[in-house]
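Here is the structure we will look at.
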Amino acid sequence: MRILILISSLEGGGAERIATRVASSLAERHDVHIMPFSVSSNPYPLSDKVMVNNAGLFDLRKQSRIPYRYLISIVYGYIYLTIIRLSFRPQVTLSFLNKPNLLNAFTLGGGKKIMSERNNPKKKGERHFLAACHAYRHADKVFFQSETVRDMFPEDIRRKGVIVPNPVEVTCKAEGHSQRIVASGRLKPQKNFPLLIRAFSRFSEKHPGHTLHIYGKGPQEGELRQLIGDLSLDGKVFIDGFVGNIHEAIKDAEMFVLSSDYEGMPNALLEAMMMGLPCVTTSFESAEELFGDSDSCLMVPVGDETALSDAMSRMAEDERLREALSTKASKFTERFSMERVIPLWEKEL
């Protein structure tokens, strides 16, 4: 097949990581082009069999003096994508995230239109949810990561929906006995890193030898550094930025913690579990569906600082618990391996 994949950017992010994995795997048997809509370097491995059609020359986000720059960028993206579709003539166009989904819906050509929901759209706001509904009504098929998210949509969209999980892979296994607690993700409100920092402050009173390392970049970095200072946690909590190989960076950790208010499918958490790291996570809406009765990680209520701190203490103080969770987590995530999941994506295209 000729497959065109649309993505907002190739910057570090969960959707970008999945898009590059899917593109590289599909390119082993298909003619695959990927089109990002903003100028960026790609930190994730991408097969040289994948053709990159960079529409980033129309990225006007940083051109603050241009009036109506967002609308203009949409128009340019529409024109550029139409040209690519008419020349490449893809049999399938697969899109990730809102802007690419909308362009996929309303651009000429492109073959079968498949759109992928990567998050919890209702948590992102009514405007975002309505835009997703508008795009998905023009899709031939919509990929959802969970029944929880699919069932948020009207019946006409649910009928087009299929559950296709993210493919997960890691570059190394956990081998740590350090006193480092690690977390990763874009520094934005959804991830609720302030909650994690405050919970760690409580935790640190009983466990002064531990440190917290948050890997990622984003608009909340200044706010998080201010909070670290306000809680006198300098030298104990570190914002370590984005790293290309996050698995190597965290493999020595004692535990991984996800503090998000909501997620679609928590890629960073599943990768940590596949590595064999003991994990603590908040019980966001789709978490019960995802983890069920697996006992593969510790779960605490969303936004509960005390419960999160107590779970971290329980993990730090119980080596047998960490060993049990490590084994269960590795076993649990086998179902999300590239070998099992990529054929599901390919089957549904």
What are the two closest heavy atoms between S24 and P45, and how far apart are they? OG-O, 4.0 Å
At what distance, to the nearest 0.5 angstrom, does CD of Q179 lie from NE2 of H177? 12.5 Å
Report yes if some heavy atom in the side chain of E16 is under 4.5 Å from a heavy atom in the side chain of I7; otherwise report no. yes
M338 atom CE, neighbour heavy-atom count above 12 within 6.0 Å: yes
Grouping ILVMFWY residues whenever side-chain heavy atoms fall under 4.5 Å, the cluster of F153 otherwise contains M115, F129, Y136, V142, F144, V149, M152, I157, I163
Whether the side chain of N119 engages the backbone of P121 through a donor-acceptor N/O pair (distance < 3.5 Å, no angle test) should be reported. no
Is there a path of hydrophobic side-chain contacts, each under 4.5 Å between heavy atoms of I, L, V, M, F, W or Y residues, that connects L290 with L298? no
Looking only at heavy atoms, the pair that brings G185 and F193 closest together is O-CE1, 3.9 Å
Return yes when atom CZ of R89 has more than 12 non-hydrogen atoms of other residues, nucleotides or ligands closer than 6.0 Å, and no otherwise. no
Contact check, side chains of L212 and F238, non-hydrogen atoms, under 4.5 Å: no
With sequence neighbours left out, the residues meeting side-chain hydrogen bond (donor to acceptor under 3.5 Å, both in side chains) with K141 are E348
Using side-chain heavy atoms (C-beta onward) and a distance below 4.5 Å, is L349 in contact with L26? yes
Quick one: does any side-chain atom of T282 pair with a main-chain N or O of S260 as donor and acceptor, under 3.5 Å? yes
Any donor-acceptor pair under 3.5 Å linking the side chain of D140 with the backbone of I114? no
Quick check: does any side chain N or O of Q91 sit under 3.5 Å from a backbone N or O of R2, one acting as donor and the other as acceptor? yes
Partners of R17 by salt bridge (Lys or Arg N to Asp or Glu O under 4.0 Å), sequence neighbours excluded? E271
Could you pull out the closest heavy-atom pair between S283 and M299, with the gap in Å? CB-CE, 3.6 Å
Testing the 3.5 Å rule here: is there a donor-acceptor pair between the side chains of S286 and E263? no
Can you name the residues that form a side-chain hydrogen bond (donor to acceptor under 3.5 Å, both in side chains) with H134, not counting sequence neighbours? none
Any side-chain heavy-atom pair from I214 and I197 closer than 4.5 angstrom? yes
Taking the side chain from H247 and the backbone from V170, do they hold a donor-acceptor pair closer than 3.5 Å? no
Sorted by chain and residue number, the side-chain hydrogen bond (donor to acceptor under 3.5 Å, both in side chains) partners of R158 (sequence neighbours excluded) come out as E155
Any non-hydrogen side-chain atom of S184 less than 4.5 Å from a side-chain atom of I250? no
Just grab all the salt bridge (charged side-chain N to carboxylate O under 4.0 Å, His left out) pairs involving residues 227-250, residues at least two apart or on different chains. E248-K251
Is L325 close to M315 at the side-chain level, that is, under 4.5 Å between some pair of heavy atoms? yes
Which residue is it: I83, T107, L102? I am looking for the one with a side chain to side chain contact (heavy atoms under 4.5 Å, CB included) to Y78. T107
Kindly give the heavy-atom pair with the smallest separation between P167 and V341, and that separation in Å. N-CG1, 3.7 Å
Report yes or no: do R198 and N192 form a side-chain donor-acceptor pair below 3.5 Å? no
F200, V302: one ILVMFWY side-chain cluster at the under-4.5 Å cut-off? no
Which residue pairs pass the salt bridge (charged side-chain N to carboxylate O under 4.0 Å, His left out) test with at least one member in residues 277-289, sequence neighbours excluded? K123-E285
Check this for me: H138, atom NE2, are more than 12 non-hydrogen atoms of other residues, nucleotides or ligands nearer than 6.0 Å? yes
Could I get the full list of side-chain hydrogen bond (donor to acceptor under 3.5 Å, both in side chains) partners for H128, not counting sequence neighbours? N98
Derivation of the side-chain contact (heavy atoms from CB on, under 4.5 Å) call for S204 and H210: CA-CA 7 Å; S204 187; H210 282 70; over 6 Å; no
Is the shortest heavy-atom distance from the side chain of L258 to the side chain of F256 under 4.5 Å? yes
How close do Y262 and N120 get, counting heavy atoms only, and between which atoms? CD1-CB, 3.9 Å
From W345 CH2 over to R21 CZ, what is the distance, rounded to the nearest 0.5 angstrom? 11.0 Å
Euclidean distance, L81 CG relative to F88 CZ, rounded to 0.5 Å: 12.0 Å
Side-chain (T93) to main-chain (G111) donor-acceptor, under 3.5 angstrom: no
CG on L277 to NZ on K173, rounded to 0.5 Å: 10.0 Å
Would the distance check show the side chain of T333 and the main-chain N or O of A329 forming a donor-acceptor pair, the cut-off being under 3.5 Å? yes
Passes side-chain contact (heavy atoms from CB on, under 4.5 Å), V280 versus I181? Steps please. CA-CA 10 Å; V280 181; I181 298 171; over 6 Å; no
For residues 311-332, the side chain to side chain donor-acceptor pair (under 3.5 Å) pairs (sequence neighbours left out) are H207-E317
Partners of Y215 by ring pair (Phe, Tyr, Trp, His ring centres under 6.0 Å), sequence neighbours excluded? none
Check whether any side-chain N or O of S309 sits under 3.5 Å from a backbone N or O of E305 as a donor-acceptor pair, and report yes or no. no
Please report the shortest heavy-atom distance between P189 and Q220, naming the atom on each side. N-OE1, 3.4 Å
Does D261 form a side-chain contact (heavy atoms from CB on, under 4.5 Å) with Q190? I'd like the steps, not just the answer. CA-CA 6 Å; D261 290 339; Q190 173 187 345; 5.7 Å; no
What pairs of donor and acceptor atoms, side-chain ones from residues 27-37 against any protein atom, are under 3.5 angstrom apart with sequence neighbours left out?
{"unit_1": "E28", "atom_1": "OE1", "unit_2": "K49", "atom_2": "NZ", "d": "3.1"}
{"unit_1": "R29", "atom_1": "NE", "unit_2": "E346", "atom_2": "OE2", "d": "3.2"}
{"unit_1": "R29", "atom_1": "NH2", "unit_2": "E346", "atom_2": "OE1", "d": "2.4"}
{"unit_1": "R29", "atom_1": "NH2", "unit_2": "E346", "atom_2": "OE2", "d": "3.3"}
{"unit_1": "H30", "atom_1": "ND1", "unit_2": "M1", "atom_2": "N", "d": "3.0"}
{"unit_1": "H30", "atom_1": "NE2", "unit_2": "E346", "atom_2": "OE2", "d": "2.6"}
{"unit_1": "H33", "atom_1": "ND1", "unit_2": "N53", "atom_2": "ND2", "d": "2.8"}

Any non-hydrogen side-chain atom of F332 less than 4.5 Å from a side-chain atom of C297? no
What distance separates T306 OG1 from R202 CZ, expressed to the nearest 0.5 Å? 3.5 Å
Among residues two or more places apart or on two chains, list those pairs meeting salt bridge (charged side-chain N to carboxylate O under 4.0 Å, His left out) that have a residue in residues 181-190. none
For F291 and M273, run side-chain contact (heavy atoms from CB on, under 4.5 Å): C-alpha distance rounded to whole Å, both residues' side-chain angles, the deciding distance at 0.1 Å, then the answer. CA-CA 12 Å; F291 299 111; M273 292 172 68; 3.7 Å; yes
Distance from R127 atom CZ to L130 atom CG, nearest 0.5 Å? 10.5 Å
